Amino acid sequence: MIFMGGLIGLILLYYGAEFLVKGGSSIALKMKISPLVIGLTLVAYGTSAPELVVSADAALKGFGDVSIGNIVGSNICNIALILGVCAIITPLQVNKNLLKFDIYLMIITALALTGCYALSGGVNRWQGAVLLAGCISYTLWSIYSSRRQTAASEEVPPPPKYGIIVSLVLVAGGLAALIGGSKLFVNAAIALAQLCGVSDAVIGLTVVAVGTSLPELATSVVAAIRKEQDIAIGNVVGSNIFNVLAILGVAPLISPIKTQDISYVDMGLMVFVSILLYPMMKTGMKISRREGIVLLAIYVAYTAYLIIK
């Protein structure tokens with residue numbers, strides 16, 4: 001029964017990612033917004049829905065370690081595991097626009113979360129309000145900037161493959177399948193881990209963090225295979241920004257978040273991989289297979305450290 005739930009979850013993740021990438025690409029063309037911005041906003045925010053649900057629910061119940069640990073673990077997973085796997089499958093060409101602002105903002109948000117942790121042992125209400133205001137400003141700026149660049153470009157974009165209604169249905173259906181699939185897979189993984197005698201702490205820092213990142217993993221892998229590399233990379237960068245600015249903006253407004261068991265090692269690694277991604281993207285304007293292997297090795301080593309600790 002456990003394996004059946006996991007298998008159904010994986011199937012839903014695959015087809016959900018397919019629908020989301022197809023629908024998102026068509027919406028980008030229809031609205032004259034670049035696929036990169038769709039990856040940074042619509043796709044990234046949609047695939048971060050599981051993190052939002054888990055962290056908000058944990059904050060409401062007073063489980064600060066789960067709320068913040070989920071975000072820190074997911075952000076590490078997004079860069080080290082997801083971009084590592086995607087780059088190994090196919091080297092990822094980097095859009096130069098990412099290096100103008102978005103990658104810096106992702107690094108700043110990682111530092112901001114570490115700063116909140118150092119100052120208040122979590123995230124309080126006023127810090128959450130500032131983070132949420134930053135998310136709203138970033139989203140509006142991204143859409144405005146992309147539409148202005150598209151209008152100024154002399155290139156004639158291809159017509160969208162689907163109409164706006166069909167595209168929205170694909171996106172909504174894809175998100176529903178991704179969220180449902182990730183929940184089935186996570187439940188199966190937790191049940192299997194408990195049968196194997198793995199502790200709740202390790203389950204939370206590994207299985208739950210990876211599980212809530214499964215929509216990003218499925219979407220980025222499918223996007224990379226379909227050569228929609230702007231969506232593949234934009235999804236990860238946008239998700240990491242959204243995780244901090246929106247999720248840790250909303251959750252503390254419900255209830256201030258305090259954490260005890262999240263360490264500076266976890267925070268430091270999140271900041272480290274965020275900064276490491278910049279030179280990888282800058283060199284040759286692509287993330288190579290060799291760099292993908294380095295990222296994946298970092299994630300394997302971190303997971304081993306958590307289990308040993």
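All figures in this text were calculated on a predicted structure; none of them were measured in a lab.
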Trainee: So, do Ile89 and Val221 sit near enough that their side-chain heavy atoms are less than 4.5 Å apart?
Mentor: yes
Trainee: Run Thr114 and Met270 through side-chain contact (heavy atoms from CB on, under 4.5 Å) and show every step you take.
Mentor: CA-CA 9 Å; Thr114 305; Met270 176 184 64; 4.1 Å; yes
Trainee: Do the side chains of Asp102 and Tyr138 get nearer than 4.5 Å, heavy atoms only?
Mentor: yes
Trainee: Would you mind reporting whether Val169 and Phe19 have side-chain heavy atoms less than 4.5 Å apart?
Mentor: no
Trainee: State, with a plain yes or no, whether a side-chain heavy atom of Leu295 is found less than 4.5 Å away from one of Leu276.
Mentor: yes
Trainee: Nearest 0.5 angstrom please: Ile298 CD1 to Thr303 OG1, how far?
Mentor: 11.5 Å
Trainee: Drop me the distance from Gln229's CD to Asn235's CG, to the nearest 0.5 angstrom.
Mentor: 13.5 Å
Trainee: Return the OG1 to NZ distance between Thr90 and Lys286, rounded to the nearest 0.5 Å.
Mentor: 9.0 Å
Trainee: With a 4.5 Å heavy-atom cut-off, do Leu83 and Ser220 have their side chains touching?
Mentor: no
Trainee: Under a 3.5 Å distance rule, please check whether Thr109 uses its side chain to pair with a backbone N or O of Met106 as donor and acceptor.
Mentor: yes
Trainee: Heavy atoms only: give me the nearest Cys135-Phe242 pair and the separation to one decimal.
Mentor: SG-CD1, 4.2 Å
Trainee: Name all residues meeting the side chain to side chain donor-acceptor pair (under 3.5 Å) criterion together with Lys96; count only those two or more places apart in sequence or in a different chain, and write none if there are none.
Mentor: none
Trainee: Where the side chain of Ser74 meets the backbone of Asn70, is there a donor-acceptor pair that is under 3.5 Å apart?
Mentor: yes
Trainee: In terms of hydrophobic clusters joined by side-chain contacts under 4.5 Å, are Ile262 and Leu119 together?
Mentor: no
Trainee: Listed by chain and number, what are the side chain to side chain donor-acceptor pair (under 3.5 Å) partners of Thr139, not counting sequence neighbours?
Mentor: Tyr45
Trainee: I need the minimum non-hydrogen distance between Met285 and Asn95, along with the two atoms involved.
Mentor: CE-C, 4.3 Å
Trainee: Which pair of heavy atoms, one from Gly23 and one from Val171, lies closest together, and at what distance?
Mentor: C-CG2, 3.7 Å
Trainee: Quick check: is Leu245 connected to Trp141 through a chain of hydrophobic side chains (ILVMFWY, heavy atoms under 4.5 Å apart)?
Mentor: yes
Trainee: Mind listing the closest non-hydrogen atom pair of Gly249 and Leu131 along with its distance?
Mentor: CA-CB, 4.1 Å
Trainee: Might you point out which heavy atoms bring Ile247 and Pro252 nearest each other, and give the distance in Å?
Mentor: O-CD, 4.1 Å
Trainee: Search all heavy atoms of Ile257 against all heavy atoms of Leu248 and return the closest pair with its distance.
Mentor: CD1-CD2, 3.9 Å
Trainee: Write out all pairs satisfying side chain to side chain donor-acceptor pair (under 3.5 Å) with one or both partners inside residues 121-134, taking only residues at least two apart or from two chains.
Mentor: Ser120-Gln127, Asn124-Trp126
Trainee: Restricting to ring-ring contact (aromatic ring centres under 6.0 Å, His included), what partner residues turn up for Tyr104, sequence neighbours left out?
Mentor: Tyr278
Trainee: So, taking the atom named CD1 in Ile103 and the one named CE in Met280, what distance separates them when rounded to the nearest 0.5 Å?
Mentor: 11.0 Å
Trainee: Under the side chain to side chain donor-acceptor pair (under 3.5 Å) test, which residues partner Asn240, sequence neighbours left out?
Mentor: Asn78
Trainee: Please report the interatomic distance CE(Met267) to CG(Leu113), rounded to the nearest 0.5 Å.
Mentor: 4.0 Å
Trainee: For Tyr144, does the OH atom have more than 12 heavy-atom neighbours from other residues, nucleotides or ligands under 6.0 Å away?
Mentor: no
Trainee: Which value, rounded to the nearest 0.5 Å, describes the distance between Ile241 atom CD1 and Ser142 atom OG?
Mentor: 7.5 Å
Trainee: Any side-chain heavy-atom pair from Leu168 and Ile164 closer than 4.5 angstrom?
Mentor: yes
Trainee: For residues Tyr302 and Ile308: do they belong to one hydrophobic cluster (side chain heavy atoms under 4.5 Å, members Ile, Leu, Val, Met, Phe, Trp, Tyr)?
Mentor: no
Trainee: Taking side chain as C-beta onward, heavy atoms only, is Leu277 less than 4.5 Å from Ile107?
Mentor: no
Trainee: Would you say the ring centers of Tyr117 and Tyr264 fall short of 6.0 Å from each other?
Mentor: yes
Trainee: Sequence neighbours excluded, which residues qualify as side chain to side chain donor-acceptor pair (under 3.5 Å) partners of Arg226?
Mentor: Glu18
